[in-house]
Engineer: 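Before we start, here is the structure in question, set down as structure tokens.
Keep in mind that this is a model prediction, so the values were computed, not measured. Chain naming here is simple, since letters A, B, ... match the order of the sequence lines and numbering starts at 1 in each.
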Amino acid sequence: MKRFLGHALFWPAMALALLLVASALFNPSFVTLTWRDGHLYGSVIDILNRAAPLIVVSLGMTLVIAVRGLDISVGAVVAISAAVVALMIGGGFSATGEVHSDNPLWLALAAALGVAAACGLWNGLLVVKAGMQPIVATLILMVAGRGIAQLLTGGQIITVYYPPFFTLGNGFLLGLPVALWIAGLLWAALHLVLSRTALGLFVRSIGGNPEAARVAGVRSSAITLCVYTFCGLAAGVAGLIVSSNVKSADANNAGQLLELDAILAVTLGGTALTGGRFTLAGTVIGALIIQTLTSMIYSLGVPPEVNLVVKAALVFAVMLLQSAEFRGLVARMVRADKSLDGTRR
Amino acid sequence: MNDPAIVLRARDISRAFPGVQALSGAGLTLRAGEVHALMGQNGAGKSTLIKVLTGVYAPDAGSIELLGRPVAPESPIHAQQLGISAVHQESHLLPNLSVAENICAGRYPRRAWTRGGGIDWRETERRAAELLASLGIRLDVTQLAGGLPAALQQLATVARAVATDARVLILDEPTSSLDADEVQALFALIRRLRDKGVAILFVTHFLDQVYEICDRMTVLRNGRFIGEYACASLDSHGLVAAMVGREVAATPAVEHVAQEREQAARPPVLAARNLSRRGQLKPLDIELKPGEVLGLAGLLGSGRTELARLLFALDARDTGDISVDGQPAKLDNPADALRLGLGFCPEDRKHSGIVADLSVRENIALALQARMGLRKFLGLAEQRQIAEKLVAALGVKTASIETPIGQLSGGNQQKAIIARWLATHPRVLILDEPTRGIDVAAKQELMNEILELARGGTAVLFISAEIDEVVRVADRIMVLRDRAKAGELPGGANEDAVYSLIAASQKA
């Protein structure tokens with residue numbers, strides 16, 4: 001029991017479970033899952049599907065934070081990736097009314113991911129080679145990146161008409177959303193790389209004590225560069241899912257404020273912002289907490305103008321639940337109360 | 001002679017941590033106007049006892065009396081209000097504030113609200129200056145603390161600690177980063193405070209300093225009180241025996257002469273020609289031969305650490321050709337050094353040695369894994385096996401190899417870092433002050449370990465501020481002075497010869 005309570009993932013998982021129970025209480029249909037046309041439908045599946053882009057971005061963010069970094073440009077990279085893929089597909093209607101694509105779909109996807117990875121590499125170079133503070137280095141791309149996306153799309157929302165592209169954000173595979181598969185596969189791949197190679201040890205040592213890691217001969221610069229590049233790549237993947245889901249690229253709004261949700265997801269999951277210790281599973285739970293919150297607020301019918309306040313209050317409550325100091329304080333107050341009762345009697 | 005009035009008495013203090021009983025029935029008695037030494041090996045419970053006295057830890061059992069009244073310090077601030085102040089190993093001044101601001105921090109004098117309220121900076125400076133003057137410290141209080149040499153920072157820290165009318169002053173290894181002159185300045189201050197009636201607890205690993213400044217001492221071993229002795233009645237041999245609990249064999253003399261000839265014939269494994277870096281090291285040549293311990297001696301700031309860092313490519317060299325086995329080698333970063341078979345135990349354990357959050361096992365495996373690269377991953381079983389073996393071989397005291405290394409005592413952290421490099425089977429091992437902050441018995445074991453390593457064919461560069469240590473283990477001694485090579489001596493040279501090389505410029 002104690003071991004269970006002491007596990008790093010206990011409180012994040014607990015918070016998620018509480019939110020799910022609360023959702024189910026308010027809305028009994030929340031828990032129903034139906035099988036229709038070979039797909040699984042239901043609120044839970046919906047949450048998982050919508051959480052997929054956030055999970056993907058947050059996984060990249062987890063590693064960046066683990067090496068004492070931060071990447072606040074992921075939202076902008078999502079917009080860039082969406083713009084690139086929409087432009088590459090372009091296309092129009094042929095004489096027969098068939099929709100075609102300007103470039104093969106694989107090329108469009110690869111180009112978007114390539115550009116996103118280049119964005120991540122740029123961030124990494126600024127941090128590692130130019131020695132900038134991560135928050136400042138990525139602030140540059142956060143601001144400039146959205147501008148680049150707007151430049152690419154000419155300030156317009158580009159609509160994509162090519163159906164095969166819609167699979168990423170709307171399709172199903174073996175009854176589950178494709179986006180969920182992508183997030184799951186990325187997580188599994190990352191987990192495999194971290195447990196089967198020394199990357200996990202190196203990342204934790206760089207985050208724990210960068211100087212000691214360097215003295216021990218760890219190639220900190222190369223690893224940090226890779227981590228930032230991966231974070232850009234992950235944001236690119238999220239951009240593909242998002243643009244496929246809405247069948248368009250919106251340079252102004254795609255991935256707006258996603259960087260903050262991602263940082264929040266990483267924190268909620270139990271990864272220390274000071275670097276070193278990190279947990280991928282925690283991050284996934286953190287992202288699910290955020291998406292559950294959002295869905296819950298919608299399903300409760302909270303008026304849009306107080307939406308953010310309610311979300312903030314719930315996030316605050318979740319944070320308190322996860323704070324060991326706060327739980328200790330409550331426990332002490334409860335004990336003090338009991339001992340007072342004892343003296344009165 | 002001294003006022004026998006007892007200021008502080010701690011009795012039967014016990015404190016356990018998960019897996020370790022740090023203190024079991026330890027005691028301590030401090031008297032006004034006396035300097036009292038707290039002695040013990042690493043892990044004997046000195047730090048824990050100090051933390052109990054200063055309110056960092058609550059004891060599981062036992063009592064503390066201050067001036068005859070029972071007290072229970074709850075935090076360092078509470079302890080300070082009671083009259084128990086402490087100065088720790090690393091100076092705790094805030095580098096971006098002035099000396100005066102540091103000394104008065106938390107107790108700034110305020111201007112009357114009629115004059116706008118706020119902090120009275122002029123009064124702050126006046127008080128700080130007055131305090132320093134009363135302690136005989138000459139220092140401009142408006143200077144930034146970070147710009148002061150380590151020794152002056154240490155004096156200011158002590159001044160700050162006694163600014164609150166401390167009855168008890170605890171000095172935890174205050175001299176470990178000071179050189180001889182600076183130690184004398186600190187001792188002058190300690191004597192002045194002693195004469196003012198402050199009870200002083202002095203913790204150090206330097207036995208000669210204990211005999212120089214202390215009146216009495218208390219010895220702890222494995223968390224237990226072993227005895228209280230007057231310094232005059234227990235010589236250093238008896239003291240070490242009390243600390244260790246057995247007689248320590250004197251260092252086995254190295255059979256220098258026989259080895260030397262053989263070594264001279266061997267080609268160097270690592271050689272640097274014309275190695276320099278502006279402002280840190282003037283051009284010099286150095287050669288390390290397999291199976292040889294090269295001792296590096298010199299004062300603080302003579303370029304010892306700088307030379308080591310250049311050899312391991314932690315800093316970029318301005319000039320210098322490096323060859324390994326006679327072949328020119330590419331050595332531009334620590335990863336190159338590791339690949340070439342070099343190892344480096346840095347001087348500053350906390351900052352550049354340990355990764356505190358990682359386990360002992362992971363810390364030990366780190367360098368070997370770094371050399372093997374990302375893909376050839378040492379499995380958990382292999383890491384465990386390597387760590388278990390080295391932990392046993394070096395006698396690292398830890399609850400388990402999965403304990404975060406930050407929880408180990410300083411000496412055991414040092415051993416674990418050495419284990420990290422031994423795991424890579426280095427051809428050249430650079431040890432920068434490996435014995436600093438380590439107790440006598442552990443030092444002895446460490447030096448034996450170093451000799452063992454050299455016998456196995458490793459070239460060792462041994463850097464130490466303690467000349468007697470260098471003389472004892474080195475086959476050849478290189479002396480640095482003012483960031484340049486002052487000369488070389490054969491192994492077994494006597495200490496005086498080393499000292500005269502070190503001091504040559506001062507005589508001139």
Side-chain angles (χ1 to χ4, degrees), chain A residues 2-3 5-8 63 65-68 128-129 131 189-227 229-230 270-279 282 325 328 332 336, chain B residues 18 308-309 312-315 332-359 361-380 382-383 404-406 413 416-417 420-421 423-424 426 430 432:
Chain A
K2 201 169 179 184
R3 211 175 130 199
L5 273 172
H7 194 280
L63 290 186
I65 287 178
V67 295
R68 292 199 177 181
V128 173
K129 299 292 176 194
L190 211 50
H191 182 78
L192 214 64
V193 168
L194 287 169
S195 58
R196 291 289 166 81
T197 72
L199 187 64
L201 177 64
F202 291 166
V203 165
R204 277 179 296 138
S205 65
I206 295 169
N209 187 344
E211 181 59 19
R214 196 171 87 92
V215 173
V218 177
R219 294 182 181 273
S220 313
S221 310
I223 289 171
T224 308
L225 267 182
C226 287
V227 164
T229 307
F230 174 75
T271 294
L273 280 180
T274 45
R277 273 171 298 164
F278 68 94
T279 149
E325 281 83 1
R332 274 199 298 280
Chain B
R309 289 181 63 92
F312 199 67
L314 277 167
D315 296 322
D332 297 330
N333 56 49
D336 284 344
L338 185 65
R339 184 175 45 78
L340 292 170
L342 272 63
F344 176 55
C345 288
E347 167 188 40
D348 188 344
R349 198 159 49 222
K350 212 176 265 170
H351 179 246
S352 43
I354 62 167
V355 183
D357 278 345
L358 293 190
S359 67
R361 164 179 59 81
E362 289 169 310
N363 268 285
I364 290 177
L366 191 56
L368 180 57
Q369 183 65 65
R371 190 168 74 187
M372 291 171 62
L374 263 182
R375 288 211 313 239
K376 276 191 215 151
F377 186 40
L378 286 168
L380 197 60
E382 280 172 277
Q383 290 186 19
I405 199 170
Q413 288 177 1
I417 297 304
R420 170 191 290 171
W421 291 109
T424 67
I430 303 168
D432 193 358

Engineer: Count the heavy-atom pairs under 4.5 Å between each of B:Ser352, B:Cys345, B:Gly353 and chain A, then report the option with the highest count.
Structural biologist: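 Top option by heavy-atom pairs under 4.5 Å: B:Ser352.
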Engineer: With respect to chain A, which residue among B:Val355, B:Leu338, B:Leu368, B:Asp336 yields the maximal number of heavy-atom pairs within a distance under 4.5 Å?
Structural biologist: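 Heavy-atom pair counts peak at B:Val355.
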Engineer: Taking A:Ser195, A:Gly208, A:Ala216, A:Ala213 one by one, which has the highest count of heavy-atom pairs under 4.5 Å against chain B?
Structural biologist: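 Ranked by contacts with chain B, first place is A:Ala216.
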Engineer: At a heavy-atom separation under 4.5 Å, does B:Phe312 approach chain A through its side chain, its backbone, both, or neither?
Structural biologist: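 Looking at B:Phe312, just its side chain touches chain A.
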Engineer: Would you find a donor on one side and an acceptor on the other, under 3.5 Å apart, between the side chain of A:Asn209 and the backbone of B:Lys350?
Structural biologist: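 Yes.
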Engineer: Which pair of non-hydrogen atoms, one from A:Val218 and one from A:Ser205, has the smallest distance, and what is that distance?
Structural biologist: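 Looks like CG2-OG, 4.3 Å.
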Engineer: Can you tell me which portion of A:Arg214 sits under 4.5 Å from chain B's heavy atoms? Options are side chain, backbone, both or neither.
Structural biologist: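 The answer is both parts of A:Arg214.
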Engineer: For A:Phe278, does its backbone N or O pair with a side-chain atom of A:Arg204 as donor and acceptor, under 3.5 Å?
Structural biologist: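 It does not hold such a pair.
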Engineer: Does A:Arg277, at its CZ atom, have more than 12 non-hydrogen atoms belonging to other residues, nucleotides or ligands within less than 6.0 Å?
Structural biologist: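 No, CZ of A:Arg277 has 12 or fewer neighbouring heavy atoms, counting only those of other groups under 6.0 Å.
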Engineer: Flag the one option from A:Leu199, A:Val193, A:Ile223 with the top tally of heavy-atom pairs under 4.5 Å to chain B.
Structural biologist: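 The option with the most such pairs is A:Leu199.
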Engineer: What part of B:Arg309 gets within 4.5 angstrom of chain A, counting heavy atoms only: side chain, backbone, both, or neither?
Structural biologist: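 Contact with chain A involves the side chain of B:Arg309 alone.
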Engineer: Could you tell me if the side chain of A:Leu194 sits less than 4.5 Å from the side chain of A:Leu63, heavy atoms only?
Structural biologist: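 A side-chain contact exists here, since the closest heavy-atom pair is under 4.5 Å.
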Engineer: Below 4.5 Å, heavy-atom pairs only: which of B:Glu362, B:Arg375, B:Arg420 has the largest tally toward chain A?
Structural biologist: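 That would be B:Glu362.
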Engineer: Does B:Leu378 offer a backbone N or O that forms a donor-acceptor pair with the side chain of B:Gln369 under 3.5 Å?
Structural biologist: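 The answer is yes, because a donor-acceptor pair under 3.5 Å joins these two groups.
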Engineer: Which one of B:Leu366, B:Thr424, B:Asp357 has the most heavy-atom pairs closer than 4.5 Å to chain A?
Structural biologist: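 Heavy-atom pairs under 4.5 Å are most numerous for B:Leu366.
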Engineer: Any side-chain heavy-atom pair from B:Arg361 and B:Leu380 closer than 4.5 angstrom?
Structural biologist: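 Yes, their side chains come closer than 4.5 Å.
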Engineer: Please state whether the side chain, the backbone, both or neither of B:Leu358 comes within less than 4.5 Å of a heavy atom of chain A.
Structural biologist: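 Answer is side chain: those atoms of B:Leu358 sit under 4.5 Å from chain A.
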